[in-house]
Number of protein chains: 2
Amino acid sequence: MAKIKNKHNATKKEVIVEAATRLFRERGFKAASMRDLAEAVGVEAASLYNHIQSKEEILQEICFKVANAFNEQCDKVEASELSSIGKIESMLRFHIRMMFDHFDMVMVADRDWKHLSDPFLSNYHEQRRAYRKRLAGIIERGIDNGEVKDVDAPTIVLIMLHAVNGIESWHRSKEKIGARQLEENMVLILIDGLRS
Amino acid sequence: MAKIKNKHNATKKEVIVEAATRLFRERGFKAASMRDLAEAVGVEAASLYNHIQSKEEILQEICFKVANAFNEQCDKVEASELSSIGKIESMLRFHIRMMFDHFDMVMVADRDWKHLSDPFLSNYHEQRRAYRKRLAGIIERGIDNGEVKDVDAPTIVLIMLHAVNGIESWHRSKEKIGARQLEENMVLILIDGLRS
DNA sequence: CTTCGCCTAACAGCTGTTCGTTTGTATATT
DNA sequence: AATATACAAACGAACAGCTGTTAGGCGAAG
């Protein structure tokens, strides 16, 4: 009987979700099968169901873990004493670091959340909307006090959030510059273009 | 017998590809079934195969149509007499307009090209790589002649290409600014952050 | 009368998931 | 120390449903 290898005292469910996260990122949620996942974990497909309830439950776990991380960071930054530009830069850096440190998780949540089904789908959708509104709020306060160029705030949010996804391509390319350097470049371009 | 509706003298294959483009964008290539597509076209699934050879052929059509459009525009811009910044801005505007005018097509190509299979997969992959290298080349020439801030050129390409994808979110929320205005805002932020 | 395009029926293979059973291991009892 | 008990976790087989695709027939258009 093949047992799920359980390194660094993680729940077996956590091991499954971790493997699923990589698999979902590589092939997409819909294209990755439970039998693929089982093989990646070293077990038969049926055995997975001793630890999880459904394929979608895994996706839920991934999506809301990511959503919570961003919301919590937003709480901290909003409560901080930073300038408006400082707050924006801080959130930008957090997004970049999340892409570095939890690449698969963030990509799956961002690309495959639409495959959630309905209490969770609308919940996630709403959280997404609310999060972007919070970011836009920070920017608008920056515009009001003259720190930030007078540009449509929601547009800035869109640019920032999606620009960070470029790290995906960086993640694959071979001739990469360092992570730290990439972060500085991104901040330089995006934040400098914002200053008034 | 339900016939494929053939408005403005388009090939029936073109009608199918057009419907598929929208469907693939909404649900994702893998999740959209041939029976879904057939229903969208108003026909039975088997009948589609009188006009197309396979599901993947549709995806190929979409992906390479988009790739060609960008390559051709890049030809024009490279051959033009614009300044480096002018060339970059011109390409950026083209990307933005493509997102407005051929939203579904561009999104599908960008998100689902990985589901191509192998002569086409490597071909597309290589074209993508080459295209980004061309853009990076334009930017590097701008850095050399002092027009552009000295930042890693491939990073700028990543930011620009992905930032434009933000239009997806704009596309859904209808309570927003006009297309023209969005374009100007994007150009303002991205290009102004680039000038040295 | 031929050709085209649609239909129904069916295919083999894969999908997520459930079932009942067997195995392995940790603990309690002799 | 050996044995019995209990429970978690693995398994193979099977499910109903969906996947892309093919075959063959039938009606309409040229």
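By convention in this document, chain letters (A, B, ...) are assigned in the order of the sequence lines, proteins followed by strands, and residues within each chain are numbered from 1.
- Rounding to whole angstrom units, OH of residue A:Tyr49 and C1' of D:dA14 are separated by 14 Å.
- Using cut-offs of 30° and 60° for the angle between ring planes, the B:Phe24 and B:Phe29 rings count as perpendicular.
- A side-chain N or O of B:Gln127 and one of B:Asn71 form a donor-acceptor pair less than 3.5 Å apart.
- Between the side chain of B:Trp170 and the backbone N or O of B:Ile177, at least one donor-acceptor pair lies under 3.5 Å.
- Judged by atom type and distance alone, A:Asn50 reaches the base of D:dA10 through a side-chain donor-acceptor pair under 3.5 Å.
- Atom P of nucleotide C:dC4 and atom CG of B:Leu48 are separated by 19 Å, given to the nearest angstrom.
- Between A:His95 and A:Tyr131, the ring planes are tilted. Angles from 30° to 60° get that label.
- The distance between the ring centers of B:Trp113 and B:Phe64 does not fall below 6.0 angstrom.
- In this structure, the CD1 atom of A:Ile16 is 16 Å from the P atom of D:dA8, given to the nearest Å.
- One atom, CZ of B:Arg27, and another, C1' of D:dC18, lie 14 Å apart when rounded to the nearest Å.
- Using a 4.0 Å heavy-atom cutoff across all strands shown, B:Ala38 reaches no nucleic acid atom at all.
- Per the geometry, NZ belonging to A:Lys30 stands 9 Å off C1' belonging to C:dT15, to the nearest Å.
- Going from atom NZ of A:Lys55 over to atom P of C:dT15 covers 8 Å, rounded to whole Å.
- Map A:Ala45 and A:Arg35 each onto its nearest nucleotide of DNA chain D; the residue landing nearer the 5' end is A:Ala45.
- Under 4.0 angstrom from either OP1 or OP2 of D:dA10 there lies at least one side-chain N or O belonging to A:His51.
- Note: NE2 (B:His115) to P (D:dT19) measures 15 Å, nearest angstrom.
- Taking every side-chain heavy atom of B:Ser33 into account, D:dT19 is the closest of D:dT22, D:dT19, C:dT17.
- If you check C:dA10, D:dG12, C:dT17 against the side chain of A:Glu44, the one that comes closest is D:dG12.
- Rounded to whole angstrom, the span from the CG atom of A:Asp36 across to the P atom of C:dT15 amounts to 6 Å.
- Using a 4.0 Å heavy-atom cutoff across all strands shown, B:Ala31 reaches no nucleic acid atom at all.
- Side-chain proximity of A:Ala46 to the nucleotides C:dG16, D:dA10, C:dT18 is greatest for C:dT18.
- Phosphate proximity of D:dA9 to A:Ser47: absent, as no side-chain N or O sits under 4.0 Å from OP1 or OP2.
- In the set D:dT21, D:dA9, D:dG12, the nucleotide with an atom closest to the side chain of A:Lys12 is D:dA9.
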